**Q** 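Would you mind keeping the following structure in view while I ask a few things?
Reckoned from all heavy atoms, side chains included, excluding hydrogens, waters and symmetry mates. Numbering starts at 1 and runs along the sequence shown. This one's a predicted model, so the numbers in the text were calculated from it and none came from an experiment. In listed order, ligands and their atoms are each counted from 1.
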Amino acid sequence: MPSAPETRSREQWATRTGFILATLGSAIGLGNIWRFSYVAGENGGGAFLIAYCGALVLIGLPLLLAELALGRRAQGDVVQTFADAGPRNPLGIYGYVAVVGAGLILSYYSVVAGWVLRYFFEYLFALFGAPTGADPAGQFVSFIGDPWQPLAWHFVFLVGTFAIVAGGVRRGIEKLNRLLLPLLGLMVIGLVARGMTLPGGMDGARFLLAPDWRMLGEPSVYLAALGQAFFSIGLGMGVLVTYGSYLGRAHRLPTAALAIVAGDAAFAICAGLAIFPAVFAFGLVPEQGPLLAFITLPHVFATMPGGALTGLVFFALLFGAALTSAISLLEVPVAYVTRRFGLSRLRAATTIALLIFALGVPSSLGFGPLAHIEILGRGILDAVDQSVSSVALPLGGLVVAIMVGWVLPGDSAAEAADLKGGYLSPIWLGLLRYIVPLLILAILLSNIGLI
Ligand code: PHE
């Protein structure tokens, strides 16, 4: 395999903290707040947490380190990184898959983030006395069923995402994350304090943390944990490769990777500790699937004292978290197109954001005029989400594991990850060569219903 070119001159992160915050911002997203809560709720609470921690250590951490190392080694976008596998190596195609996949995730992610934005403004106006709806379920259904409104919010969200990415790696992405991540941390801590002090709130904490041991016998719990780990860290779609490529050699990767995985998990657990106590305190049932954030919680906010402010903080948190993830997804195709077609960042970001807007239209309309369309028994947004997060992300993870574990010589791989000569290097390589591919194959086969 050819050695990675060393002369690709590109923008770099200004500081190590900036890089860690940006990567953490990419990891912390809608996945940590609404997805984590309902997946944990459906899979045995504390039992799910045990399986989730296992998935983070065995797959999440080694793959995250592998992606960052690959990107930093190549100092190029995701297509260049995988083209480094060699001219005739089929793994090279994966770079293109990641460019398209990241855009596809963003197309529906932005639809949901648009809903969040609308709710954020509703609670903002409620602070100034505008009435919030008395019937959260009816209100949500009629909002997402409207052909125009959700599209308008989808557009607004993408314009915000575009504006940051067009600003560049340092002046756009790094700056926003440095500002927003500490705020997100404060907001989630405030919400945990609010939830735990509600009467009956401890039941919610128990629901999240107390393990239902019988659930540990269910294979589906482990698969859900693996899928959640992939989505939450944001593995397999070239995001971490791209962010890693803006790093210089001076920064050490293993500790950064550990901080990112731990921060992502801690954030998800805090979000759960904010959400479940509130749900229990008001006698509601937590297993409401993806609608937890948009129907169950508005119900809670409508009943609790100071609910409008709590609702505002909750949707501000969701919005900020979604934005820092969305910019990382947009950066993958933008980095590729700027280099490949020699476009300016502004041009590339405009073109791609418009394309992604168009790509998201069917997902948005799938709740209104296109509600009759079903793909494999699911609505459009759900079908795209499922196929990307349960097939494309694990497949991407498999390619990364093969590239680092089998294609790169062991020494170069260990060197790229700053593990050379240490006792961790054989453990990391062993996980990438055997354990990670086996577990991913198990997820993939089970997702397509073969096991
Ligand atoms: N990690 C993000 C979240 O938790 C989503 C994401 C997926 C980001 C894939 C990048 C790549 O919401």
**Q** Among F357, Y119, W115, F121, which one satisfies ring-ring contact (aromatic ring centres under 6.0 Å, His included) with W153?
**A**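 Among the candidates, only F121 passes.
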**Q** For R170, give me all partners under salt bridge (Lys or Arg N to Asp or Glu O under 4.0 Å), at least two apart in sequence or on another chain.
**A**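 With neighbours one apart ignored, the set is empty.
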**Q** I327 and side chain to side chain contact (heavy atoms under 4.5 Å, CB included): which partner among V239, V334, I173?
**A**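 Exactly one pass, corresponding to I173.
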**Q** Is any NZ, NE, NH1 or NH2 atom of the basic residue among E67 and R72 found under 4.0 Å from an Asp or Glu carboxylate oxygen of the other?
**A**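 Answer for the salt bridge query: no.
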**Q** Between the protein and ligand 1, are there any N or O atom pairs that come within less than 3.5 Å of each other, and if so, what are their names and distances?
**A**
from     : atom 1 : to   : atom 2 : distance (Å)
ligand 1 : 1 (N)  : S26  : O      : 3.2
ligand 1 : 1 (N)  : A27  : O      : 3.0
ligand 1 : 1 (N)  : F231 : O      : 2.9
ligand 1 : 1 (N)  : S232 : O      : 2.9
ligand 1 : 4 (O)  : A27  : O      : 3.0
ligand 1 : 4 (O)  : G31  : N      : 3.4
ligand 1 : 4 (O)  : N32  : OD1    : 3.3
ligand 1 : 12 (O) : L30  : N      : 3.1
ligand 1 : 12 (O) : G31  : N      : 2.8
ligand 1 : 12 (O) : Y109 : OH     : 2.6

**Q** Please determine whether a side-chain nitrogen of the Lys or Arg among D418 and R249 lies less than 4.0 Å from a carboxylate oxygen of the Asp or Glu.
**A**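 Answer for the salt bridge query: yes.
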**Q** Does F315 reach the side chain of F294, with side-chain heavy atoms less than 4.5 Å apart?
**A**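 Yes - at least one pair of side-chain heavy atoms lies under 4.5 Å apart.
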